Chemist: 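Questions regarding the structure given below will be posed in turn.
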There are 2 protein chains.
Amino acid sequence: MRIGELARRCGVNVETLRYYERQGLLRDPRRGSQGHRDYGEEDLRRVRFIRQAKELGFTLKEIRRLLDLRLTSEGRCAKARRLAEAKIEAIDQTLRRLQRFRKALEILVARCEENEHDGGCAILDAVDAAGSD
Amino acid sequence: MRIGELARRCGVNVETLRYYERQGLLRDPRRGSQGHRDYGEEDLRRVRFIRQAKELGFTLKEIRRLLDLRLTSEGRCAKARRLAEAKIEAIDQTLRRLQRFRKALEILVARCEENEHDGGCAILDAVDAAGSD
DNA sequence: CTTGACTCCGGACCTAGGTACGGAGTGTAG
DNA sequence: CTACACTCCGTACCTAGGTCCGGAGTCAAG
């Protein structure tokens, strides 16, 4: 498929794909007759992965390192494993923080329902309440 | 406390605090004798909240809206509630995606342990495996 | 009374991650 | 044949979120 189709199917724009290529996140694909890039399904998965990871807060550099992981040798396996374990750690921390934040928001909603009008900074008070238990 | 102390205690730098002030995330505090900003504990909570929220992926604009929420009237309560509920929704989606990503990483680690050397893109294969179940 | 540590302010600068622009080639439909 | 859609490439531009710089004032310590 050509770049326009890939872009459409991934919900990004063409310039972004060319940008990802320059950043080393996408290989320079084989070119068709007119020098047009010709992509396959693998590239589709790749781009979708990139978008997903980006939304989860990974930088393009981190994403690139993840995409570059290969399990072709003992050494590479070990390296991949180390990186993956580190990312799992980081994700776990984010999950915990996000849960706590979520709890604060629920407390906030509950207070809204109680309709106790209070002049403080609602979100900070809610965060405090979420933390103390 | 003065700006330097606040910065130190929050792990950000002084310029950042002035920047937050310009962006409306921090009020312009009362000034001491030499025109120096004088902050209280409330500001400490505020800045810590901002950093936390930022790490979780919120933009400064979103954070500002959260900080501005007050429960001082029926109308404001309703508005706060709507915003909080929307954020909870968004967080839930992120939590789900993060869990799925985490699972992919665990699959990757497991494959590293099995030591089956395979030339594909390890992370994409792992994501696929995580998705199909 | 100088030196160092803070502070003030405004404005310039920086990185990440795109987005837009402009000129040129090609392919298909009307 | 002309129009429109798509592609190529390189460069310029944009936003978010800071970070740094320089000149000036103030205080406490040596």
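In what follows, chains carry the letters A, B, and so on, assigned in the order in which the sequence lines appear, proteins first and then strands, with residues in each chain numbered from 1. This one's a predicted model, so the numbers in the text were calculated from it and none came from an experiment.
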Chemist: Closest heavy-atom contact between Gln99(B) and Leu95(A)?
Modeler: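 Shortest heavy-atom separation between Gln99(B) and Leu95(A) comes out as OE1-CD1, 3.8 Å.
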Chemist: Can we call the ring centroids of Phe49(A) and Phe58(A) under 6.0 Å apart?
Modeler: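 Judged by ring-centre distance (under 6.0 Å), Phe49(A) and Phe58(A) do not meet the cut-off.
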Chemist: Tell me: CD of Glu62(B) to C1' of dA16(D), nearest whole Å?
Modeler: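 In whole Å, dA16(D) C1' and Glu62(B) CD are 12 Å from each other.
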Chemist: Just the rounded figure in Å: distance from C1' of dA16(D) to CD of Glu55(B).
Modeler: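 Rounding to the nearest Å, CD of Glu55(B) and C1' of dA16(D) are 17 Å apart.
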Chemist: Answer yes or no: is there a donor N or O on one side and an acceptor on the other, between the side chain of Glu62(A) and the main chain of Thr59(A), under 3.5 Å?
Modeler: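 Pair found, side chain donor or acceptor close to backbone of Thr59(A).
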Chemist: Any side-chain heavy atom of Tyr19(A) within less than 4.5 Å of one from Glu15(A)?
Modeler: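 Side chain of Tyr19(A) against side chain of Glu15(A), heavy atoms only: no contact under 4.5 Å found.
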Chemist: Measure the distance from CZ on Arg2(B) to C1' on dC8(C) and round it to the nearest whole Å.
Modeler: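 These atoms are roughly 11 Å apart.
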Chemist: Rounded to whole Å, please give me the gap between CG in Leu25(B) and P in dG18(D).
Modeler: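 Going from Leu25(B) (CG) to dG18(D) (P), I get 9 Å.
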Chemist: Reckon Ser33(A) touches a base, only the sugar-phosphate, or nothing at all at heavy-atom distances under 4.0 Å?
Modeler: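 Here Ser33(A) touches no strand at all.
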Chemist: Can you check whether Tyr20(A) has a side-chain N or O nearer than 4.0 Å to OP1 or OP2 of dG17(C)?
Modeler: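 For dG17(C), neither OP1 nor OP2 has a side-chain N or O of Tyr20(A) closer than 4.0 Å.
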Chemist: Given salt bridge (charged side-chain N to carboxylate O under 4.0 Å, His left out), test Arg111(A) with Asp125(A) step by step and report yes or no.
Modeler: CA-CA 10 Å; Arg111(A) 291 193 177 163; Asp125(A) 292 348; 5.1 Å; no
Chemist: I need the CG-P distance between Asn13(A) and dG17(C), as an integer number of Å.
Modeler: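 It is 16 Å, rounded to the nearest whole Å.
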Chemist: Which pair of non-hydrogen atoms, one from Leu69(B) and one from Ala80(B), has the smallest distance, and what is that distance?
Modeler: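 So the two residues come closest at CD2-CA, 3.8 Å.
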Chemist: Within the 4.0 Å heavy-atom criterion, would you say Arg64(A) contacts the bases, only the backbone, or no part of the nucleic acid?
Modeler: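 No contact.
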Chemist: When you measure from the side chain of Arg48(A) to the backbone N and O of Arg9(A), does any donor-acceptor pair fall under 3.5 Å?
Modeler: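 Checking the backbone N and O of Arg9(A) against the side chain of Arg48(A), a donor-acceptor pair under 3.5 Å is found.
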Chemist: Can you pull every protein N or O that's under 3.5 Å from an N or O on nucleotides 2-5 of chain D?
Modeler:
none

Chemist: Under 4.0 Å from OP1 or OP2 of dT19(C): is there any side-chain N or O of Thr16(A) that close?
Modeler: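 Thr16(A) to dT19(C) OP1/OP2: side-chain N or O found under 4.0 Å.
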Chemist: List, with names and distances, any nitrogen or oxygen atoms from the protein found under 3.5 Å away from nitrogen or oxygen atoms belonging to nucleotides 8-15 of chain D.
Modeler:
residue, atom, partner, partner atom, Å
dC8(D), OP1, Arg37(A), N, 2.8
dC8(D), OP1, Arg37(A), NH1, 2.8
dC8(D), OP2, Arg37(A), NH1, 3.3
dC8(D), O5', Arg37(A), NH1, 3.3
dC9(D), OP1, Arg31(A), NH1, 3.4
dC9(D), OP1, Arg31(A), NH2, 3.1
dC9(D), OP2, Arg37(A), NH1, 2.8
dC9(D), OP2, Arg37(A), NH2, 2.7
dG10(D), N7, Arg18(A), NH2, 3.4
dG10(D), O6, Arg18(A), NH2, 3.4

Chemist: Between atom CG in Leu26(A) and atom P in dG18(C), what is the gap in whole Å?
Modeler: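 Taking CG of Leu26(A) and P of dG18(C), I get 12 Å after rounding.
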Chemist: If we only count heavy atoms from C-beta on, is the Leu60(B) to Arg64(B) side-chain gap below 4.5 Å?
Modeler: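 Heavy-atom side-chain distance check fails, nothing below 4.5 Å.
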Chemist: If every non-hydrogen atom of Tyr39(A) is compared with every non-hydrogen atom of Arg2(A), which pair is closest and at what distance?
Modeler: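 It is CD1-C, 4.2 Å.
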Chemist: Over how many whole Å does the gap from Lys61(A) atom NZ to dA16(C) atom C1' extend?
Modeler: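 That distance rounds to 10 Å.
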Chemist: If you compare every side-chain N and O of Tyr19(B) against the phosphate oxygens of dA16(D) (OP1, OP2), does one of them come in below 4.0 Å?
Modeler: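 No.
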Chemist: Toward the 5' end of DNA chain C, which comes first, Thr59(A) or Gly4(B), by nearest nucleotide?
Modeler: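 On the 5' side of the pair lies Gly4(B).
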